[in-house]
A.B. asks: 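Let me give you the structure first, and then I'll get to my questions.
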Amino acid sequence: MKNFIHPNADVLSEKVGNNTSIWQYCVVLPGAVIGDDCNICAQCFIENKVVVGDRVTIKNGVQLWDGLRIEDDVFVGPNVTFTNDKYPKSKCYPEKYLQTTIKKGASIGAGATVLPGITIEENVLVAAGAVVTKDVPVNGIVAGVPAVIVGYTDTVVYDGAEVIPHDNATLSGPVLYSLTNVHDVRGDLVAAESIKEIPFKPERVFFVHHVPNSKVRGEHAHKECKEFLIAVQGSVNVILDNGKEREEYQLCDPNIGLFIDRGVWTIQYKYSKDAILLVLTSIHYDPDDYIRDYNEFIVWKDKGMA
């Protein structure tokens, strides 16, 4: 089967892939490129400078405007709105439309709006009705107006009640460490000794605080540096990602420390308003020790963390 084009569709492009279905009342302009095994549902409009990858589903009532790039295995829900001009005016046309890119495996829920010039990275999930105003990182789940990160896809979540050290060889466990807590009528004292409670000798310490709840920190891995995180006040959620599995921990107890080994991608988000995060590191600050691009991190891991 080469492709299926409904007799009530107006398809002017000759670049429609094999086994792709385009249903009734769709309009596809001559310059559009549509890949293999796609399903373009009824009442969609696809403009000239649009590229759609393979195995993409476009549900009913979606318009794809010039400058949009949709990679393989993307799902676009009904009535999703894309835009390509930040300051539209009648009969006024920009010299160049902003490019919006939806990367491989992303899903966009019904009725969401995506502003122009944005990149939605691989495996992202955009909730129904969200308004996406900024780039969304790999594996992020975003919701709200404007959209903020509320989680990460394919992640095992351990809540703050699970304080028993968690052994996971793929993430170089144990991950959680119980710290020494002395309690009496004068209050609480939490102590931690290197090697005993902290699995390395700290060379540097810093605090993170006054982080707005909508903001995300981290989003990097270290080639050599190991870290130990303690929420001395409030709470913060931490993602650990070894390139194959992701785990999420909520730090909300100053008696618990989270160990992050070298070669683990980490993200901190969902900071409470009063959160103070203490970070101890195994080496001094070295900008060359950071990997800040997730795809670069995956390549580095595949090469055996060379």
Side-chain angles (χ1 to χ4, degrees), residues 121-124 135-140 149 151-158 165-179 192-211 215-232 234-252 254 256-271 275-306:
E121 293 284 354
E122 294 183 5
N123 302 318
V124 161
D135 293 348
V136 183
V138 174
N139 303 313
I149 293 176
Y152 289 83
T153 58
D154 303 320
T155 300
V156 179
V157 179
Y158 299 89
H166 171 64
D167 292 315
N168 186 323
T170 61
L171 288 175
S172 301
V175 175
L176 291 175
Y177 286 76
S178 296
L179 306 180
E193 297 181 6
S194 62
I195 309 303
K196 182 180 179 182
E197 285 108 347
I198 302 172
F200 55 81
K201 182 180 178 181
E203 294 289 344
R204 179 172 175 256
V205 59
F206 61 89
F207 295 88
V208 180
H209 60 102
H210 288 132
V211 179
K215 299 300 181 182
V216 175
R217 294 186 59 90
E219 294 187 299
H220 62 252
H222 287 284
K223 300 173 185 175
E224 297 297 335
C225 185
K226 301 174 183 179
E227 296 181 311
F228 196 79
L229 278 57
I230 305 169
V232 297
S235 64
V236 58
N237 285 35
V238 183
I239 302 286
L240 303 183
D241 183 339
N242 69 355
K244 295 181 179 179
E245 295 91 17
R246 278 179 294 282
E247 298 179 352
E248 179 172 342
Y249 297 86
Q250 183 186 67
L251 296 180
C252 58
I256 299 298
L258 176 69
F259 171 60
I260 303 175
D261 204 354
R262 63 181 289 266
V264 175
W265 186 267
T266 180
I267 300 166
Q268 300 97 45
Y269 76 120
K270 292 185 178 178
Y271 282 81
I276 300 176
L277 181 66
L278 170 66
V279 182
L280 301 99
T281 70
S282 63
I283 64 174
H284 293 165
Y285 174 72
D286 179 4
D288 293 332
D289 189 58
Y290 286 75
I291 302 176
R292 298 187 182 277
D293 181 89
Y294 187 80
N295 291 323
E296 180 184 338
F297 165 70
I298 295 299
V299 170
W300 180 72
K301 292 286 287 189
D302 289 343
K303 290 182 178 179
M305 297 165 58

A.B. asks: Could you tell me if the side chain of Ile239 sits less than 4.5 Å from the side chain of Asn139, heavy atoms only?
C.D. replies: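 Asn139 does not reach Ile239 side chain to side chain.
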
A.B. asks: Let me see the working for Glu247 and Tyr249 under side chain to side chain donor-acceptor pair (under 3.5 Å), right down to the final yes or no.
C.D. replies: CA-CA 7 Å; Glu247 298 179 352; Tyr249 297 86; 2.6 Å; yes

A.B. asks: Looking only at heavy atoms, which two atoms of Cys252 and Ala231 are closest? And how far apart?
C.D. replies: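 It is N-CB, 4.3 Å.
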
A.B. asks: Evaluate the ring planes of Phe228 and Phe200, with Trp represented by its six-membered ring, and classify them as parallel (under 30°), tilted (30 to 60°) or perpendicular (over 60°).
C.D. replies: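 Perpendicular.
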
A.B. asks: Decide side chain to side chain contact (heavy atoms under 4.5 Å, CB included) for Leu277 and Gln268; before the verdict, give the C-alpha distance in whole Å, the side-chain angles of both, and the deciding distance to 0.1 Å.
C.D. replies: CA-CA 10 Å; Leu277 181 66; Gln268 300 97 45; 4.2 Å; yes

A.B. asks: From Ile230 CD1 over to Ile198 CD1, what is the distance, rounded to the nearest 0.5 angstrom?
C.D. replies: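 The CD1 atom of Ile198 is 5.5 Å from CD1 of Ile230, to the nearest 0.5 Å.
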
A.B. asks: Determine whether a donor-acceptor pair (N or O, by modelled atom type, separation under 3.5 Å) exists between the side chain of Thr281 and the backbone of Ile283.
C.D. replies: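 Yes; at least one donor-acceptor contact below 3.5 Å.
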
A.B. asks: Would you say Val238 and Glu248 make side-chain contact, with heavy atoms under 4.5 Å?
C.D. replies: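 Val238 vs Glu248: side chains apart.
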
A.B. asks: Please report the shortest heavy-atom distance between Val124 and Glu121, naming the atom on each side.
C.D. replies: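 Heavy-atom minimum between the residues: CG2-O, 3.2 Å.
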
A.B. asks: Is the ring pair Phe297/Trp300 parallel, tilted or perpendicular, if the boundaries are 30 and 60 degrees?
C.D. replies: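 Ring orientation of Phe297 relative to Trp300: tilted.
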
A.B. asks: Measure across Ser282 and Glu203 and return the closest heavy-atom pair with its distance rounded to 0.1 Å.
C.D. replies: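 In terms of heavy atoms, the two residues are closest at O-CG, 3.1 Å.
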
A.B. asks: When you compare the side chain of Arg204 with that of Phe206, does any pair of heavy atoms fall below 4.5 Å?
C.D. replies: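 Yes. Closest side-chain heavy atoms under 4.5 Å.
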
A.B. asks: Side-chain contact test, heavy atoms from C-beta onward, threshold under 4.5 Å: evaluate it for Leu229 versus Leu251 and give yes or no.
C.D. replies: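 Answer yes - side chains close enough.
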
A.B. asks: For the residue pair Ile149 and Pro137, what are the closest heavy atoms and their distance?
C.D. replies: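 Closest approach of Ile149 to Pro137: CD1-CG, 3.6 Å.
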
A.B. asks: Check whether any side-chain N or O of Arg246 sits under 3.5 Å from a backbone N or O of Thr153 as a donor-acceptor pair, and report yes or no.
C.D. replies: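 Looks like yes, one N/O pair under 3.5 Å.
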
A.B. asks: Does Lys223 come within less than 4.0 Å of Asp289, counting only side-chain N to carboxylate O?
C.D. replies: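 No salt bridge links Lys223 with Asp289.
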
